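Here is the structure we will look at.
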Amino acid sequence: MFVQFTTWDIVRNLLEAGRWTLALSLIAFVLGGLVGLAILFARISKNRLLQALTKGYIEVFQGTPLLMQLFIVFFGLSLLGVDVSPWIAAAVGLTLFTSAYLAEIWRGCVESVPRGQWEASASLALSYTQQMRYVVLPQALRIAIAPTVGFSVQVVKGTAVTSIIGFAELTKTGSMLANATFQPFLVFGLVAAGYFILCYPLSLYAKSLERKFHVAR
C-alpha cells in the first residue's frame with residue numbers, strides 16, 4: 001500500500017531525527033572532552049612512554065577517516081562476538097574521534113602560553129602540578145574556548161557519517177524519506193537546513209569568542 005507523505009510529515013520525521021543528531025553530538029563532545037583531557041595531561045607529562053602512546057593515539061585518529069573508525073568499532077567488535085548497536089558504536093566512534101582532536105587543540109593552547117610564564121612560576125618554587133593549576137591552565141583555557149566551540153561544529157557534521165552503520169540520525173532519516181517520497185531535492189534540502197540551524201549559531205558563537213578572548217588582549 002502506497003503511503004502519501006505530506007510536507008509536514010517529512011518535517012516532523014526530520015525533527016525527530018534531529019533530536020538524535022543533537023543527542024549524539026552532545027554525548028560525543030562531552031565524553032570526548034573528558035577523554036581528551038586525560039590524553040592532554042598524558043601528552044604534556046614528563047613521562048616519555050605516556051607521551052609516545054598518546055601521540056600515537058592522536059595520530060591514528062587524525063590520520064584515518066572517521067568512516068573507517070566507525071566501521072572498525074561496529075563491524076570489528078561484532079566479529080569478536082560483541083553485539084554492538086549502531087547507537088553505541090556511533091557514540092564510541094565519535095567519542096574517540098573527538099577526544100583525539102580536542103587533546104591536540106588543547107595541547108596547542110597549553111604550549112601557546114609564553115615560556116616566561118613557566119619560568120616565572122618556577123622561580124616562585126611552584127611544583128609542576130601547581131604551575132599547571134595556577135598559572136598555565138587558566139591562561140590556556142582562555143585561548144582554548146573559541147577553537148573548542150568551533151570544533152563542536154565538526155562534531156555535529158560528523159554525526160552524518162554514522163548513517164553508514166545504520167544509526168537513524170538526520171542524514172539516514174533523510175535518505176529513507178527521499179526513497180519513500182521520491183522527493184530527494186525537498187528532503188535533502190530540509191536536511192541541509194537542519195544542519196545549518198544546528199551549526200551556524202555555533203560558528204557565530206565561536207567567532208564572537210575569538211574576538212572576546214583574542215590573545216593580543
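This structure is a prediction, so every number in the text was calculated from the model and none was measured.
Atom CG of Leu15 sits about 12.0 Å away from atom CD1 of Ile10, to the nearest 0.5 Å. Expressed to the nearest 0.5 Å, how far CG of Leu14 lies from CD of Glu169 amounts to 10.5 Å. To the nearest 0.5 Å, the span separating CG on Leu66 from OG1 on Thr98 amounts to 8.5 Å. To the nearest 0.5 Å, atoms CG (Leu177) and CG (Leu190) are separated by 9.5 Å. The line from CG of Leu37 to CG of Leu102 is 10.0 Å long, rounded to the nearest 0.5 Å. Rounded to the nearest 0.5 Å, atoms CG (Leu26) and OG (Ser152) are 9.5 Å apart.
Counting heavy atoms of neighbouring residues, nucleotides and ligands inside a 6.0 Å radius, atom OH of Tyr200 does not exceed 12 of them. Other residues, nucleotides and ligands place more than 12 heavy atoms under 6.0 Å from the OH atom of Tyr195. Other residues, nucleotides and ligands place no more than 12 heavy atoms under 6.0 Å from the CG atom of Asp83.
Counting all heavy atoms, side chain and backbone alike, Ile105 lies closest to Pro147 at CG2-CB, 4.0 Å. Nearest approach of Ala100 to Gln62, heavy atoms of both residues: O-NE2, 4.1 Å. Scanning both residues, Ser85 and Phe74, for their nearest heavy atoms gives C-CE1, 4.0 Å. Closest approach of Gly166 to Pro86, counting heavy atoms only: C-CB, 4.0 Å. Between Ala103 and Gly36 the shortest heavy-atom distance is CB-O, 3.5 Å. The two residues Ala91 and Thr95 make their nearest non-hydrogen contact at O-OG1, 2.6 Å.
When side chains are defined from C-beta on, Phe71 counts as touching Ile164, because their heavy atoms get closer than 4.5 Å. Side-chain atoms of Met132 and Ile44, non-hydrogen and from C-beta on, do get closer than 4.5 Å to each other. The closest side-chain heavy-atom distance from Phe188 to Ser175 is below 4.5 Å. Counting heavy atoms from C-beta on, the side chains of Phe5 and Leu186 never come closer than 4.5 Å.
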Intermediate values then yes/no, side chain to side chain contact (heavy atoms under 4.5 Å, CB included), Phe167 and Thr159: CA-CA 9 Å; Phe167 181 65; Thr159 60; over 6 Å; no
Verify side chain to side chain contact (heavy atoms under 4.5 Å, CB included) between Cys199 and Lys157, making sure each step is shown before the conclusion. CA-CA 8 Å; Cys199 295; Lys157 292 190 291 186; 3.8 Å; yes
Would you please test Val156 and Phe29 for side chain to side chain contact (heavy atoms under 4.5 Å, CB included) and show each step? CA-CA 9 Å; Val156 173; Phe29 194 74; over 6 Å; no
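Side-chain N or O atoms of Gln69 include one that pairs as donor or acceptor with a backbone N or O of Phe61 at under 3.5 Å. Judged by distance alone, with hydrogens and angles left aside, the side-chain atoms of Ser121 form a donor-acceptor pair with the main-chain N or O of Gln117 at under 3.5 Å. A distance-only check finds a donor-acceptor pair linking the side chain of Thr54 to the backbone of Gln51 [under 3.5 Å]. A donor-acceptor pair under 3.5 Å is formed between the side chain of Ser112 and the backbone N or O of Cys109. A donor-acceptor pair under 3.5 Å is absent between the side-chain atoms of Gln154 and the main chain of Gly150, judged by distance alone.
Put simply, Ile72 and Leu77 are part of two different groups of oily side chains (I, L, V, M, F, W, Y) that touch within less than 4.5 Å, one to the next. Leu50 and Ile39 fall into different hydrophobic clusters, where Ile, Leu, Val, Met, Phe, Trp and Tyr are joined by side-chain heavy atoms under 4.5 Å apart, directly or via other members. Val161 and Met68 fall into different hydrophobic clusters, where Ile, Leu, Val, Met, Phe, Trp and Tyr are joined by side-chain heavy atoms under 4.5 Å apart, directly or via other members. At a threshold of 4.5 Å between side-chain heavy atoms, the hydrophobic network of Ile, Leu, Val, Met, Phe, Trp and Tyr places Ile197 and Val191 in two separate groups. Taking hydrophobic clusters as Ile, Leu, Val, Met, Phe, Trp and Tyr residues chained together by side-chain heavy-atom distances below 4.5 Å, Phe185 does not share a cluster with Val187.
Under the side-chain contact (heavy atoms from CB on, under 4.5 Å) test applied with Trp87, the options Val92, Ile165, Thr162, Leu24 reduce to a single match, Leu24.
Contacts classified as side-chain hydrogen bond (donor to acceptor under 3.5 Å, both in side chains) and involving residues 8-31 (residues at least two apart or in different chains) are given here: Thr6-Asp9, Asp9-Arg12. Applying the salt bridge (charged side-chain N to carboxylate O under 4.0 Å, His left out) definition to pairs two or more places apart or across chains, those involving residues 104-117 are Glu104-Arg107, Arg107-Glu111.
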